[in-house]
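Okay, so here's the structure we're looking at.
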Protein chains: 2
Amino acid sequence: MTNHNMSDLIEEYIKQLLEEEGLVEIRRTDMADQFQCVPSQINYVINTRFTVGQGYHVKSKRGGGGYIRIQKVELNHHGDLLSELEDWIDQKLSVKDSMAILQQLYKYDIITKREANLCLSLLSSDALKLLDKTTEEKTRACMMKRLFERLRYEEKE
Amino acid sequence: MTNHNMSDLIEEYIKQLLEEEGLVEIRRTDMADQFQCVPSQINYVINTRFTVGQGYHVKSKRGGGGYIRIQKVELNHHGDLLSELEDWIDQKLSVKDSMAILQQLYKYDIITKREANLCLSLLSSDALKLLDKTTEEKTRACMMKRLFERLRYEEKE
DNA sequence: TATAATAAAGGTCAAAGATAGTCAATGAAA
DNA sequence: TTTCATTGACTATCTTTGACCTTTATTATA
């Protein structure tokens, strides 16, 4: 009801466009002009209201002919399961735990065996061999979270 | 949606020609005239959008009767493609190049689109955000090589 | 004919221009 | 007080442009 601040207005405006089109492409500067705010406020709105978790996919490009493209993505029905599994992931993640997680994902039919193996190859300590142990495990955790994010809207084939 | 600037237009135009012919031979000056841009912009487009990693082969000749020939390269079987692409991976690998590689793998039916996307999530700079730029790119190269190794193995099943 | 000049391509690179992103300080609201 | 919103200085990335360079073909000349 009390949508009175600029960010809410911008959010609403974009969502309205999305309603019509399903995909919106804006130019940051133009939008900022339109709403008479600084350009970075557009980033703020996007970062707080159009996240992957909220079901949006954002892509942008800088330079001449730059743009920000916002798209609504369908979240699949694995959300709860993914959240639950994601809670397992700490700041650090060992190869062993990665395997366990991927195994669960497979067991719950969220990914295929082959996908699990491909992911595992990228998460292996061999793949991350340049890093010291601590960084390796932190990075692995980071990677796994990215994967989960992706899985929230990838449909299993 | 796609044509945001001159370079994109030129890219699209060339790709359209390639669609029809499979091989295109242009004269840099003519193309520049046609699009009313400086000749070196043609080089820019070619260098950023028609690289080996993206599946193109470019050959040119200077002097009278000079030309730029652009060809879509089609590789034969998987073993070769994997090796060839792997050769292309340096000590360092950017996100962009990773995308190009995964795209090729998809194009040649070695991985599915979904697999490519899952891998990309693990290779993203967001996933590797804890690392400094150099380590990030070295690690990405390392990861990609692990993936290739796995793909060689998977292929046999 | 052999060689030297000239013309006709294309190549390189770095600067300038055009966008978007980040971050931290400040302000406002709950 | 704590969280959310606003701002703007600084940064990163992509595109456009132009001056200068290299290669190749053609023409003029000894």
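Throughout, protein chains are lettered first and strands after them, A, B, ... in sequence-line order, and every chain is numbered starting at 1.
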*Is there a donor on the side chain of Arg28(A) or the base of dT19(C) sitting less than 3.5 Å from an acceptor on the other?*
no
*Is the side chain of Thr135(A) donor-acceptor paired with the backbone N or O of Leu131(A) at a distance under 3.5 Å, no angle test?*
no
_Measure CG/Asn43(B) against P/dA14(C) and give the value in whole Å, please._
15 Å
*asked:* Using a 4.0 Å heavy-atom cut-off, does Ile42(A) contact any base of the nucleic acid, only the sugar-phosphate backbone, or nothing at all?
replied: nothing
*Rounding to a whole Å, what distance do you find between Ile46(A):CD1 and dA5(D):P?*
15 Å
*Answer yes if the ring centres of Tyr153(A) and His57(A) are under 6.0 angstrom apart, and no otherwise.*
yes
*Look at Gln41(A) and dT7(D) and indicate whether a side-chain polar atom (N or O) is within less than 4.0 Å of OP1 or OP2.*
yes
_Expressed as a whole number of angstroms, how long is the span from Lys59(B):NZ to dG11(C):P?_
13 Å
*Of Lys96(B) and Lys61(B), the one whose closest DNA chain D nucleotide lies more 5'*: Lys96(B)
*Mark yes or no for a side-chain to base donor-acceptor pair under 3.5 Å between Ser40(A) and dG8(D), with no hydrogen or angle criteria applied.*
yes
*Within this structure, what is the NE2-to-C1' distance between His4(B) and dT15(D), rounded to whole angstrom?*
14 Å
_Does Arg49(A) reach a base, just sugar-phosphate, or nothing at all? Heavy atoms under 4.0 Å._
sugar-phosphate
_Whole angstrom value for the distance that separates P of dA9(C) from CE of Met31(B)_ = 15 Å
*Return the nearest nucleotide to the side chain of Ser7(B); candidates are dT6(D), dG11(C), dT16(D).*
dT16(D)
*Tell me: CZ of Arg27(A) to P of dG17(C), nearest whole Å?*
17 Å
*Rounded to whole angstroms, how far apart are CZ on Arg69(B) and P on dG10(C)?*
13 Å
*Asp8(A) bridged to Arg49(A) by N-O distance under 4.0 Å*: yes
*Within the structure, does a side-chain N or O atom of Arg62(A) lie under 4.0 Å from either OP1 or OP2 of dA18(C)?*
no
*When the nearest nucleotide of DNA chain C is assigned to Ile68(A) and to Gly64(B) on a heavy-atom basis, which residue is associated with the more 5' position?*
Gly64(B)
*Distance, rounded to the nearest Å, where Phe35(B) contributes CZ and dT17(D) contributes P*: 14 Å
*asked:* Under a 4.0 Å threshold between the charged nitrogen and the carboxylate oxygen, would Arg152(B) count as salt-bridged to Glu86(B)?
replied: yes
*asked:* Please confirm whether the shortest side-chain N or O distance from Thr29(A) to OP1 or OP2 of dA20(C) is below 4.0 Å.
replied: yes
*Give a yes/no answer on whether the side chain of Ser60(B) brings an N or O atom under 4.0 Å of OP1 or OP2 in dA9(C).*
no
*Where each residue is assigned the nucleotide of DNA chain D containing its nearest heavy atom, which of Tyr44(B) and Val38(B) is assigned the position nearer the 5′ end?*
Tyr44(B)
*asked:* Please pick, from dG21(C), dT6(D), dT16(D), the nucleotide with the shortest atom-to-atom distance to any side-chain atom of Asn5(A).
replied: dT6(D)
*Base, sugar-phosphate alone, or nothing: which one does Gly66(B) contact when heavy atoms must sit under 4.0 Å apart?*
sugar-phosphate
*Cation over ring, Lys72(B) on Phe50(B), under 6.0 Å and within 45°?*
no
_Tell me if a side-chain donor or acceptor on Ser124(B) pairs with a main-chain N or O of Ala127(B) at a distance below 3.5 Å._
yes
